[in-house]
Amino acid sequence: MPIRLAALARSGLLDLGQFDVTEFTLDDAPAAVAHAAEHAEPFHLTVIRP
């Protein structure tokens, strides 16, 4: 199933525009955790990137 979803997203048939993604660096992990706790809603994602 995840492979099909990825294929749909790549082809543009699955709209991912409704997701609100906020990125943090690994050094800002504590801020990312605080942000995730404050924004724990559907379609609001907090990402830590190395």
Side-chain angles (χ1 to χ4, degrees):
M1 185 67 144
I3 293 172
R4 287 184 181 172
L5 288 175
L8 287 172
R10 262 188 257 118
S11 70
L13 295 174
L14 179 64
D15 179 19
L16 299 178
Q18 61 189 339
F19 287 93
D20 177 27
V21 179
T22 304
E23 296 182 22
F24 291 86
T25 64
L26 190 55
D27 292 334
D28 291 331
V33 171
H35 181 273
E38 292 172 9
H39 298 91
E41 304 168 18
F43 305 107
H44 291 268
L45 306 174
T46 303
V47 176
I48 298 176
R49 293 197 180 253

Drop me the distance from [X]'s [atom1] to [Y]'s [atom2], to the nearest 0.5 angstrom.
X     : Y     : atom1 : atom2 : value
Ile48 : Glu23 : CD1   : CD    : 11.0 Å
Leu45 : Asp20 : CG    : CG    : 8.0 Å
His44 : His35 : NE2   : NE2   : 9.0 Å

### Task
Check salt bridge (charged side-chain N to carboxylate O under 4.0 Å, His left out) between Arg10 and all other residues, then give those that pass, not counting sequence neighbours.
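With neighbours one apart ignored, the set is empty.
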### Query
Where do Asp15 and Gly17 come nearest, in terms of heavy atoms and distance?
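Here Asp15 and Gly17 meet closest at OD1-N, 2.8 Å.
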### Task
Name all residues meeting the side chain to side chain contact (heavy atoms under 4.5 Å, CB included) criterion together with Leu14; count only those two or more places apart in sequence or in a different chain, and write none if there are none.
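Side chain to side chain contact (heavy atoms under 4.5 Å, CB included) check on Leu14 returns Leu5, Leu8, Ala9, Leu16.
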### Query
When you look at His39 and Thr22, which way does the side-chain contact (heavy atoms from CB on, under 4.5 Å) test go after all the steps?
CA-CA 10 Å; His39 298 91; Thr22 304; over 6 Å; no
### Linked hydrophobic residues, Ile3 as query - side chain contacts closer than 4.5 Å
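Once heavy-atom contacts under 4.5 Å are chained together, Ile3 still belongs with nothing else.
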### Task
Give the cluster check for Val47 versus Phe43: same hydrophobic cluster or not, with ILVMFWY residues linked at side-chain heavy-atom distances below 4.5 Å.
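Linked, Val47 and Phe43 end up in one cluster.
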